[in-house]
Amino acid sequence: ARVTGDAEAIAAALRARLKSALRRVVFLVMPSAIAFVALGDVIVGLVFQSGRFDAGDTHAVWIILAGSALGLSAGTQGRLLASAFYALGDTKTPLRAALVRVAITFIAGWAFALPLRHQLGYSAVWGAFGLTASAGVAAWIEYELLRRWLARRIGHVPVPVGLVLGSFAAAAVAGALTWMVMHAVAPRGVLVAAALALPLYGALYLWPMVVFRVPEVAAVTGRPETAGYLQGLGAARIVPREELAETVKRPLESETWAGCVDAVGGAMLARVLGQMKYGASVAAVGLAGGAALPATVIPFLLRGVNLL
């Protein structure tokens with residue numbers, strides 16, 4: 001939405017919105033990018049491998065997917081920065097940055113896919129990797145241009161550098177450990193491999209985030225005196241139970257949570273399902289609030305929420 005008010009108020013409002021939005025994007029997108037590189041064969045195999053789409057095709061798509069992962073974080077953050085310009089009523093600046101990105105992608109992608117491939121003799125698959133990797137590099141250049149140009153308008157852009165480095169390190173370690181486990185176990189079949197690799201990777205990524213108290217990790221309690229204990233376990237934010245205990249008629253609310261471990265069930269679980277982000281998962285591990293689930297199928301159909 002377009003921001004109104006005096007110049008300082010507009011700048012402050014945009015900085016506040018960007019601060020929280022950029023943190024959410026980094027927290028969710030960084031592990032996705034690393035997963036495409038470390039576990040791309042598992043992901044592609046789970047989605048596509050059947051019939052005539054064999055393991056060789058899976059490997060080829062994995063290589064191409066890894067190239068696109070190079071710019072996944074920059075591309076998503078760049079869209080947020082472009083939205084900030086739109087909120088300022090400026091549509092030309094994002095267009096200029098996008099034209100730079102398209103030009104770099106076209107020139108570098110053409111070079112890697114055609115003349116360099118013919119000269120150096122690498123396969124067409126690696127040529128396609130060069131094309132997607134070029135788009136990734138161009139996304140970082142676009143992001144840096146947008147960040148600098150936006151800083152001239154609103155002052156310091158609150159890029160979460162610490163979270164970027166921390167999430168990258170956590171995701172890289174999680175990806176490496178999961179890759180080693182997969183090669184040691186060597187599961188047969190794409191479904192078995194995915195059932196082992198993806199939950200393991202997610203757990204290994206989230207564990208250091210909890211330990212180091214990343215602000216995206218929150219705990220819900222009805223006993224305020226336990227806040228210290230929960231923070232000691234790694235929760236960076238304490239949410240009063242009353243905020244989630246109220247039954248609402250709307251099947252969907254604002255996307256708030258990227259994941260949830262629920263020990264209550266009942267009306268609270270139904271409320272949480274309507275607040276989950278697209279594609280997020282909820283692990284139900286208890287029935288303290290009752291076995292009934294007063295919810296609809298809307299979160300599952302429209303947001304792809306998973307109830308585990």
Side-chain angles (χ1 to χ4, degrees), residues 1-3 7 10-37 40 61-120 122 124-165 167-168 171-172:
R2 186 163 180 169
V3 182
I10 291 173
L14 284 176
R15 287 195 299 267
R17 293 184 186 181
L18 285 172
K19 183 177 180 179
S20 61
L22 287 171
R23 290 188 66 84
R24 288 196 297 268
V25 164
V26 169
F27 183 79
L28 295 172
V29 173
M30 188 64 74
S32 300
I34 299 298
F36 288 160
V37 176
V61 175
W62 175 21
I63 293 174
I64 299 170
L65 186 64
S68 66
L70 297 179
L72 188 60
S73 178
T76 51
Q77 292 182 76
R79 300 289 73 74
L80 284 175
L81 299 185
S83 297
F85 280 105
Y86 299 147
L88 293 169
D90 181 357
T91 59
K92 294 182 179 179
T93 299
L95 176 60
R96 288 164 51 202
L99 290 175
V100 172
R101 171 174 53 84
V102 171
I104 294 174
T105 300
F106 176 80
I107 296 172
W110 170 81
F112 278 107
L114 293 175
L116 287 178
R117 183 170 71 86
H118 294 151
Q119 184 176 358
L120 300 177
Y122 51 79
V125 171
W126 285 105
F129 168 84
L131 180 60
T132 56
S134 299
V137 173
W140 280 106
I141 295 174
E142 179 193 30
Y143 162 77
E144 183 59 21
L145 289 174
L146 289 171
R147 188 191 66 80
R148 292 190 178 189
W149 292 340
L150 185 59
R152 298 174 185 173
R153 300 285 299 273
I154 68 170
H156 174 68
V157 177
V159 177
V161 178
L163 181 59
V164 170
L165 297 177
S167 61
F168 174 80

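For this chain, numbers begin at 1 and follow the sequence in order.
Taken to the nearest 0.5 Å, the CZ atom of Arg152 stands 8.5 Å off from the CZ atom of Arg148. Rounding to the nearest 0.5 angstrom, the gap separating the CD atom in Gln77 from the CG atom in Leu18 is 10.5 Å. Distance CG/Leu163 to CE/Met30: 8.0 Å, rounded to 0.5 Å. In this structure, the separation between OG on Ser73 and CG on Leu28 is 11.0 Å, given to the nearest 0.5 Å. Once rounded to the nearest 0.5 Å, the distance linking CZ of Arg117 with CG of Leu120 reads 11.0 Å.
Across Leu14, Leu150, Leu146, Leu80, a single residue satisfies side-chain contact (heavy atoms from CB on, under 4.5 Å) together with Val157, and that is Leu150.
Contacts classified as salt bridge (Lys or Arg N to Asp or Glu O under 4.0 Å) and involving residues 127-138 (residues at least two apart or in different chains) are not found. Counting only residues at least two apart or on different chains, the ring-ring contact (aromatic ring centres under 6.0 Å, His included) pairs with a member in residues 128-159 are Trp126-Phe129, Trp140-Tyr143.
With sequence neighbours excluded, the residues satisfying side chain to side chain contact (heavy atoms under 4.5 Å, CB included) with Val37 are Ala66, Ala69. Remark: Ser134 engages no residue in a side chain to side chain donor-acceptor pair (under 3.5 Å) (not counting sequence neighbours). With sequence neighbours excluded, no residue forms a side chain to side chain contact (heavy atoms under 4.5 Å, CB included) with Ala172. For Ile34, the side chain to side chain contact (heavy atoms under 4.5 Å, CB included) partners at least two apart in sequence or on another chain are Phe168, Ala171, Tyr201.
When atom types are taken as modelled, the side chain of Thr132 and the backbone of Ile64 share a donor-acceptor pair closer than 3.5 angstrom.
Looking at heavy atoms from C-beta onward, Ile154 lies in side-chain contact with Leu88 at the 4.5 angstrom threshold.
Of all non-hydrogen atoms in Thr105 and Ala135, the two that sit nearest each other are OG1-CA, 3.5 Å. Across Leu22 and Pro158, no two heavy atoms sit closer than the pair CD1-O, 3.7 Å. Considering every non-hydrogen atom in both Gly75 and Ala139, the closest pair reads N-CB, 4.1 Å.
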Let me have the donor-acceptor pairs involving side chains of residues 106-115, under 3.5 Å, with sequence neighbours excluded, atom names and distances please.
none

Donor-acceptor pairs under 3.5 angstrom involving side-chain atoms of residues 91-103: please list them, not counting sequence neighbours.
from   : atom 1 : to     : atom 2 : distance (Å)
Thr93  : OG1    : Asp90  : OD1    : 3.4
Thr93  : OG1    : Asp90  : OD2    : 2.7
Arg101 : NE     : Glu142 : OE1    : 2.8
Arg101 : NE     : Glu142 : OE2    : 3.3

